[in-house]
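A short write-up of the structure that comes next.
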Amino acid sequence: MFALVDCNNFYASCERLFQPEFRGKPVVVLSNNDGCVIARSQEAKDLGVHMGTPWHLVDAAIRDQVKAFSSNYTLYADMSARVMNNLARFTPNVEIYSIDECFLSLTGFSNLESYGNQMRQQIIRNTGIPVSVGVAPSKTLAKLANRMAKNFNGLCVLETPEKIDLAVKDFKVEEIWGIGRQYAKKLPSFGILTAHDLRSQPLEWVQEKLTIQGVRMWYELHGKSCIQLASMTERKQGIRSSRSFGKLTGDYTFLEEATVAYCTRVSEKLRKDKSCATLLSIRLLTNIHRPETTQYTNSVAITLPHPTNNILELVKHAVRGLKSIFKPSYLYLKVEVYATGLIPEREVQLNLFSNYDGKRKNEVSELMDRLNNYYGKGTLILAAEGFEKKWSMRRNFLSPPYTTEWDAILRVR
DNA sequence: TCTGGGGTCCTAGGACCC
DNA sequence: TCTGGGGTCCTAGGACCC
């Protein structure tokens with residue numbers, strides 16, 4: 001048996017936790033650059049604010065009634081860690097699936113109904129974050145149960161075949177975990193509208209139309225688990241940093257400074273994961289939301305002479321890559337830095353044809369990590385990143401990082 | 001004026017091997 | 001007129017997730 005625990009309206013819940021005057025009020029959280037709505041409190045949903053809509057396109061009369069926040073990932077990441085730590089007390093086997101979701105293996109546990117309720121109570125008491133719990137014999141059904149829990153009292157346990165039959169009967173096919181926009185468009189033309197319809201098709205048909213992933217989904221909907229809990233120790237396959245700028249630009253220096261900053265981020269993440277990259281990709285994009293302007297997008301993949309997470313080396317290659325794809329006379333929106341072909345730091349093999357001897361220490365990177373961890377992010381940066389940060393995001397409605405900085409800690413009078 | 005970021009897995013097709 | 005068979009590896013693109 002699996003449980004899926006999902007934080008309700010997570011980002012909005014985090015913001016409200018520290019500004020309780022917004023409890024019971026419509027609250028939204030915006031994406032980077034205050035672009036789209038990415039989280040909504042129930043009251044905001046009730047006002048008809050949709051997920052993913054650009055904030056500036058929301059009706060002004062509605063905007064006036066809603067409290068908007070810029071996304072504050074420092075806060076959300078810390079709150080997420082608290083929730084996950086609490087969940088880990090319920091079973092040794094957990095998979096942190098996303099910032100606000102966690103799968104738990106409950107095989108061998110009994111009284112699932114009351115155990116699920118205990119989880120909900122303990123999480124809200126210890127962290128202040130409300131969660132919903134779905135329990136079922138497969139991950140796909142646990143997701144489905146979780147969705148149903150949101151419409152009940154926050155808990156849904158699908159233990160018996162009868163309960164599962166009943167649950168899939170009216171469950172919309174497009175809401176199944178693994179059915180995205182494309183399949184949601186296609187399936188109704190075959191008369192498939194519900195999870196029950198999909199699972200009633202012959203397996204061969206599903207294999208043909210939805211390939212191997214559909215086959216797994218089919219078994220899972222029948223209560224046969226075939227997607228295991230992912231191990232939390234696995235190495236990532238790629239690490240990316242990409243961000244839209246606060247404004248469009250054609251200025252090469254601007255782009256280079258942003259590339260250096262994003263590349264710095266990537267190298268930090270690599271070192272944190274104790275990984276080295278063998279391939280570094282740089283991608284440059286104009287604003288696709290403005291089809292009337294001339295568009296240009298290009299990317300370059302650089303095979304590194306030897307696997308590395310050294311900031312100076314990565315930046316050198318990143319800048320060279322950027323130069324090779326930059327074209328003047330376009331207005332750019334975004335640059336992406338993507339490291340792939342990751343291998344463990346300690347298994348790096350040397351290259352016969354590079355003069356790198358493996359002994360040179362990663363001193364600059366290590367010093368930067370040490371100072372930036374101790375004194376706070378951005379204490380020591382490469383000069384090539386620039387000091388103006390012209391590329392930084394718009395975040396006009398940012399709340400303080402209440403739980404991670406002494407200066408921001410909440411005062412109680 | 002203003003439209004996110006960071007991941008995963010699978011398949012097809014091309015280049016290459018003997 | 002007629003031009004093999006059985007592989008591997010890599011990449012791009014498309015689907016999905018939160």
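On a predicted model such as this, the values are computed, not experimentally measured, just so you know. Excluded from the calculations below are hydrogen atoms, water molecules and symmetry mates; all remaining heavy atoms, backbone and side chain alike, are included. The sequence lines fix the lettering, A, B, ..., with proteins before strands; numbering per chain opens at 1.
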So, is Arg290(A) close to the dT1(B) phosphate, meaning a side-chain N or O under 4.0 Å from OP1 or OP2? no
Report yes or no: is the cationic atom of Arg147(A) (NZ for Lys, CZ for Arg) closer than 6.0 Å to the six-membered ring centre of Phe171(A), at no more than 45° off its axis? no
Distances under 3.5 Å between nitrogen or oxygen atoms of protein and nucleotides 9-15 of chain C:
none

Before accepting this row, confirm whether a basic side-chain N of the pair Arg63(A)/Asp59(A) lies closer than 4.0 Å to the acidic partner's carboxylate O. no
For Lys334(A) and dG5(B), is the shortest distance between a side-chain N/O and OP1 or OP2 below 4.0 Å? yes
Report which part of the nucleic acid Ile179(A) touches: base, sugar-phosphate, or nothing (heavy-atom distance under 4.0 Å, all strands). sugar-phosphate
Starting from P on dG5(B), measure out to CG on Asn72(A) and report it in whole angstrom. 16 Å
Determine whether Val27(A) and Arg40(A) make a side-chain contact, defined as any pair of heavy atoms from C-beta on separated by less than 4.5 Å. no
Smallest heavy-atom separation, Leu270(A) atom then Thr308(A) atom, equals CD1-O, 4.2 Å
Have Arg283(A) and Ser281(A) got a donor and an acceptor in their side chains that come within less than 3.5 Å? no
Most 5' of Met393(A) and Ile212(A) on DNA chain B, judged by nearest nucleotide: Met393(A)
Can you tell me how far P in dT3(B) sits from the matching atom in dC18(C), rounded to whole Å? 25 Å
What's Trp177(A) touching, base or sugar-phosphate or nothing? Going by heavy atoms closer than 4.0 Å. sugar-phosphate
Rounded distance (Å) that lies between atom P of dC18(C) and atom CG of Asn8(A): 15 Å
N or O in side chain of Ser241(A) less than 4.0 angstrom from dG5(B) OP1/OP2: no
Checking all strands, does Ile227(A) fall into the base, sugar-phosphate, or nothing category for heavy-atom contacts under 4.0 angstrom? nothing
Phe2(A) and Phe103(A): aromatic ring centres closer than 6.0 Å? no
Write down the distance between CD1 (Ile96(A)) and P (dT8(B)), rounded to a whole number of angstrom. 15 Å
Rounded distance in Å - CG (Leu342(A)) to P (dG6(B)): 15 Å
Atom CG of Leu285(A) and atom P of dT3(B): how far apart are they, to the nearest Å? 14 Å
Please classify the nucleic acid contact of Lys143(A) as base, sugar-phosphate, or nothing, using heavy-atom distances under 4.0 Å. sugar-phosphate
Which of these nucleotides, dG4(B), dG7(B), dT3(B), is closest to any side-chain atom of Ile239(A)? dG7(B)
Could you provide the dot-bracket string of DNA chain B, using ( ) for intrastrand pairs, [ ] for crossing pairs and | for bases paired to another strand, with Watson-Crick or G-U pairs below 3.5 Å? ....||||||||||||||
Check: Lys236(A) and Ser275(A) side chains under 4.5 Å, non-hydrogen atoms: no
Per the under-4.0 Å heavy-atom filter, residues of residues 25-44 of chain A near DNA chain B come out as Ser31(A), Asn32(A), Gly35(A), Cys36(A)
CZ-CD distance between Phe69(A) and Glu15(A), expressed to the nearest 0.5 angstrom: 4.5 Å
Measure the distance from CG on Leu333(A) to P on dT1(B) and round it to the nearest whole Å. 16 Å
Salt bridge present between Glu174(A) and Arg181(A) (N-O < 4.0 angstrom): no
How many whole angstroms separate atom CZ of Arg394(A) from atom P of dT1(B)? 13 Å
For the aromatic rings, using the six-membered ring if either is Trp, is the centroid distance between Tyr332(A) and Phe254(A) under 6.0 Å? no
Please confirm whether Arg240(A) makes a cation-pi placement over Tyr338(A), using NZ or CZ under 6.0 Å from the six-membered ring centre and within 45° of the ring normal. yes
How is Lys236(A) classified with respect to the nucleic acid when contacts are heavy atoms under 4.0 Å: base, sugar-phosphate, or nothing? sugar-phosphate
Pick the closest DNA chain B nucleotide for Lys269(A) and for Arg216(A) by heavy atoms, then say which residue is nearer the 5' end. Lys269(A)
Report yes or no: is there a donor-acceptor pair, N or O only, under 3.5 Å between the side chain of Arg243(A) and the base of dG4(B)? no
Salt bridge (Lys or Arg N to Asp or Glu O under 4.0 Å), that's the test. Do Arg265(A) and Glu268(A) meet it? Break it down for me. CA-CA 5 Å; Arg265(A) 208 62 255 296; Glu268(A) 279 168 6; 3.2 Å; yes
Looking across every strand, which nucleic acid part, if any, lies under 4.0 Å from Gln237(A) by heavy atom: base, sugar-phosphate, or nothing? sugar-phosphate
Mind checking if Gly52(A) touches a base, just sugar-phosphate, or nothing, with heavy atoms under 4.0 Å? nothing
So, Glu220(A) side chain and Ile227(A) main chain: donor-acceptor pair closer than 3.5 Å or not? yes
To the nearest angstrom, the NE2-C1' distance between His289(A) and dT3(B) comes to 4 Å
